Amino acid sequence: MAIADRLLTLVHTTAQDVFAALRANPTPLQAVVVEEPSIADHGDYATNAAMVLAKELGAPPRVIAEQLAEGLRADAMVDRVTIAGPGFLNFWIAPDALARELVTLLDRGVEYFRPDIGHGATVQVEFVSANPTGPLHVGNGWLATYGDALSRLLEFVNYRVTREYYVNDTGGQIRQLGASIIAVRSGAEVPEGGYRGEYISDLALRYHGSDDVVEAGSWAVPIILELIRATLVSLGIEMDSWFSQASIEESGDVALVVARLDATGATYQRDGALWFASERFGDSRDRVMRKSNGDFTYLAGDIAYHYNKLVIRSFSLVIDVLGADHHGQVASMMAAIRALGIDEHRLEIKLGQMVSLLEQGQAVKFSKRAGTAIPLDWLIQELGRDATRLLILSSSIDRASQIDLVQAKAQSMENPVYYVQYAYARIAALLRNVASRQIRVEVGSSDALAGLNHPRELALMKDLLRLESVIVRAVEERAPHKIVGWLMQMASDFHGFYHDCPVITAEPSVRDARLTLARAAQLALGVALDLLGVTPPEEM
RNA sequence: GCCCCUGUAGCUCAGCGGAUAGAGCAGCUGCCUUCUAAGCAGUCGGUCGUAGGUUCGAGUCCUACCGGGGGCGCCA
């Protein structure tokens, strides 16, 4: 258990003692938290327990705080407790307790940072799923990287993850694609709503089939998918599964699912079409399942696809990563899940807000059809894989990012990714130097490590002990960008340590303790970088 | 009109209901004879969109308003 969690437990038990002493009934303590103050004078950790209890007990916070402090001081883990402000309890952790924790960390290795949240459950993350009508653009890169980092996080906390790309290989846009290729081949204008761009010209040169738009479109899909796959690989992303929309339609599952909705009385006929009464299940209006011409709608196919994921393939959890332009589908899909009697908590839909490019202060929207989309390949080539990933992962997907490409490129050598990677590389260099100088290192007994009490060393240790809880939060909130926040702090603290605390030239006991700390830091940096899919470089 | 996201430093963005709101970039000033200066230290820069409310305590929660983005098809 992490130190903060152990402290919270300690605060809880001490609170029970206070209740008993006051002959008061114990009350729930959910509001009690242990946190790390941003100000060093406020201790290594702090709790609001006295203020919460004061409310429950109707006594002044500082009086309660005195009683709590009494009990807390008795614990060996706690070095010092002070009462401050409106009734905060500030703790300082005993150096030997930190040292023991560091020993445990090194003993357990990567596992030290791994909370078992998933318990081996299966989860499918569906992301990218861009129509196979052209190369990925920069906007696709955002959600692709988010989806991959989320998948890495879930894998780390013991989910069995399947990364899936839903291939919309049927329908109107495939006909448009075919029509565009045929038009360019015959030297005609690309039709209204068609696709433009160099790749269309390339395809037109290679296409030797008939003038049937479906044939031409279907012919092009696998070629374009291969381009997409290659782009993803260059971003460090490999899908486990490419799921064809056409295959769902051919399987008969669409009819099956519509029949199931029918059987539960959730559908009705109107104007020659079959409707799903989705409003009864929380949608803003009802939706058509089968058009008056007999074809199923996209939504019907999409419901069948989700039925396939949740029932036929029976993933415990399904996460759809979609662009905010798919917001309109969410309520309909959730309504269908409820109508089919599936536990709605098994489907999560994460909406990523739109990304826009800034060109001379003006926002430029992506349009594949108009040919104004900036290719993702271009961005990766300009910035490199690691800088691209970190740029994308440093902010929340709830925010509509604006990226100034000129600035992004100009800053590529100043990208924060190098700051973080440099910390890792510096440790690698340290360890190489130790090896090449044939220094014998006695790795860390907790006694030796208790000598680590320089402020830089303490800051580093606290970062190490915090990583697990950061990972928990990042997973729970589906927010990989929280890992970036930790990495920046960790890198900053490491560079400060490196600057102020010589390692190899220090006397042997100090040197060995610092080397041990550096090793732990490298381990943690490696875990965090790996969660983001960013390379941990041995040298720079 | 209704629904979702959002508004924090010049720019791009972090920020668990807690104490004196942070980082990177841009600007200014120092620090390489010393384990990698892709670094460290300092400095400049803020009515956290506005107004109410809840709370011992609000950038964070609630309401209204203002601004920005997206969505509301028998398209996919």
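Only a predicted model underlies this, so the values are computations on that prediction, with no experimental measurement involved. Chain letters run A, B, ... following the sequence lines, proteins first, then strands; residues in each count from 1.
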- side-chain contact (heavy atoms from CB on, under 4.5 Å) partner of A:I248, chosen from A:V257, A:V254, A:I303: A:V254
- Any side-chain N or O of A:K55 under 4.0 Å from OP1/OP2 of B:rU55? no
- Message: Can you check the distance between B:rC56 and B:rG10, where both ends of the measurement are the C1' atom (answer in whole Å)?
- Response: 38 Å
- A:Q353 (side chain) and B:rG70 (base): donor-acceptor pair under 3.5 Å: no
- Whichever of A:L351 and A:S292 has its nearest RNA chain B nucleotide further upstream toward 5': A:L351
Under 3.5 Å, which donor-acceptor pairs link side chains of residues 500-509 of chain A to any protein atom two or more places apart or in another chain?
residue : atom : partner : partner atom : Å
A:D500  : OD2  : A:R456  : NE           : 2.9
A:D500  : OD2  : A:R456  : NH2          : 3.3

- Message: Holding to ring pair (Phe, Tyr, Trp, His ring centres under 6.0 Å), I want the full list of residues that pass it with A:W242, two or more places apart in sequence or in another chain.
- Response: A:Y165
- Message: Side chains of A:K55 and A:I64, heavy atoms from C-beta outward: is any pair under 4.5 Å?
- Response: no
- Message: With rounding to the closest Å, how many angstrom separate the C1' atoms on B:rG57 and B:rG69?
- Response: 33 Å
- Under a cut-off of 3.5 Å for both distances of each Watson-Crick or G-U pair, what dot-bracket string does RNA chain B give, using [ ] for crossing pairs and | for inter-strand pairs? (((((((..((((....[...)))).(((((.......))))).....(((((..]....))))))))))))....
- Message: Using the P atom as the point on both nucleotides, what is the distance between B:rA26 and B:rC11, in whole Å?
- Response: 16 Å
- Message: So if I take residues 320-339 of chain A and measure heavy-atom distances to RNA chain B, which residues fall below 4.0 Å?
- Response: A:A324, A:D325, A:H327, A:G328, A:Q329
- Using the P atom as the reference point in each nucleotide, state the distance between B:rC65 and B:rG1 in Å, no decimals. 9 Å
- Message: Say we look at B:rG49 and B:rU6: how far apart would their C1' atoms be, to the nearest angstrom?
- Response: 11 Å
Taking only N/O atoms, report every protein-nucleotides 40-45 of chain B pair under 3.5 Å with atom names and distance.
residue : atom : partner : partner atom : Å
B:rC40  : OP1  : A:Y419  : OH           : 2.6
B:rC40  : O3'  : A:R456  : NH2          : 3.4
B:rC40  : O2'  : A:H499  : ND1          : 3.1
B:rA41  : OP1  : A:R456  : NH1          : 3.4
B:rA41  : OP1  : A:R456  : NH2          : 3.1

- Item | A:D320 and A:H306 side chains, donor-acceptor separation under 3.5 Å | yes
- Message: Need one value for A:D271: base, sugar-phosphate or nothing, where a base atom within 4.0 Å counts as base even if backbone is also close, heavy atoms only.
- Response: base
- Message: Check the orientation of A:F243 and A:Y305. Use parallel for under 30°, tilted for 30 to 60°, and perpendicular for over 60°.
- Response: tilted
- Note on the structure: Sorted by chain and residue number, the salt bridge (Lys or Arg N to Asp or Glu O under 4.0 Å) partners of A:R473 (sequence neighbours excluded) come out as A:E477
- Message: Assess, by modelled atom type and distance only, whether the side chains of A:D398 and A:Q353 contain a donor and an acceptor separated by less than 3.5 Å.
- Response: no
- Message: Which residues pass the salt bridge (Lys or Arg N to Asp or Glu O under 4.0 Å) test with A:D286, not counting sequence neighbours?
- Response: none
Distances for protein N or O near nucleotides 32-34 of chain B N or O, under 3.5 Å:
none

- Check salt bridge (Lys or Arg N to Asp or Glu O under 4.0 Å) between A:R62 and all other residues, then give those that pass, not counting sequence neighbours. none
- Item | Interatomic distance at P, B:rG46 relative to B:rG22, whole Å | 14 Å
- Would you sort out whether A:F494 and A:L460 count as a side chain to side chain contact (heavy atoms under 4.5 Å, CB included), showing the intermediate values? CA-CA 6 Å; A:F494 178 79; A:L460 209 46; 4.1 Å; yes
Write down the protein N/O and nucleotide N/O pairs, taken from nucleotides 19-23 of chain B, whose separation is under 3.5 Å; answer none if there are no such pairs.
residue : atom : partner : partner atom : Å
B:rA19  : N6   : A:N90   : OD1          : 2.8
B:rA19  : N1   : A:N90   : OD1          : 3.2
B:rA19  : N1   : A:N90   : ND2          : 3.4

- Item | Spacing of the C1' atoms in B:rA14 and B:rG7 (rounded, Å) | 15 Å
- Query: What does A:R285 touch in the nucleic acid at a heavy-atom separation under 4.0 angstrom: a base, only the sugar-phosphate, or nothing?
  - Reply: sugar-phosphate
- Item | Polar contact flag, side-chain donor to acceptor under 3.5 angstrom, A:T145-A:R389 | no
Distance-only donor-acceptor pairs under 3.5 Å for side chains of residues 480-488 of chain A, two or more places apart:
residue : atom : partner : partner atom : Å
A:W486  : NE1  : A:D463  : O            : 3.0

- Task: Identify whether any heavy atom of A:V503 sits under 4.0 Å from a base atom; if not, whether one sits that close to sugar-phosphate; answer base, sugar-phosphate or nothing.
- Result: base
Provide a list of protein-nucleic acid N or O atom pairs under 3.5 angstrom, restricted to nucleotides 12-15 of chain B.
residue : atom : partner : partner atom : Å
B:rU12  : O3'  : A:Q402  : O            : 2.9
B:rC13  : OP1  : A:Q402  : N            : 2.5
B:rC13  : OP1  : A:Q402  : O            : 3.3
B:rA14  : OP1  : A:S396  : N            : 2.4
B:rA14  : OP2  : A:R399  : NE           : 2.7
B:rA14  : OP2  : A:R399  : NH2          : 3.1
B:rG15  : OP1  : A:H481  : NE2          : 2.8
B:rG15  : OP1  : A:K482  : NZ           : 3.1

- Item | P-based separation of B:rG42 from B:rA23 [nearest Å] | 10 Å
- Message: Using a 4.0 Å heavy-atom cut-off, does A:E539 contact any base of the nucleic acid, only the sugar-phosphate backbone, or nothing at all?
- Response: base
- Message: If we count only N and O atoms by modelled type, under 3.5 Å, do the side chains of A:D169 and A:Q245 hold a donor and an acceptor together?
- Response: no
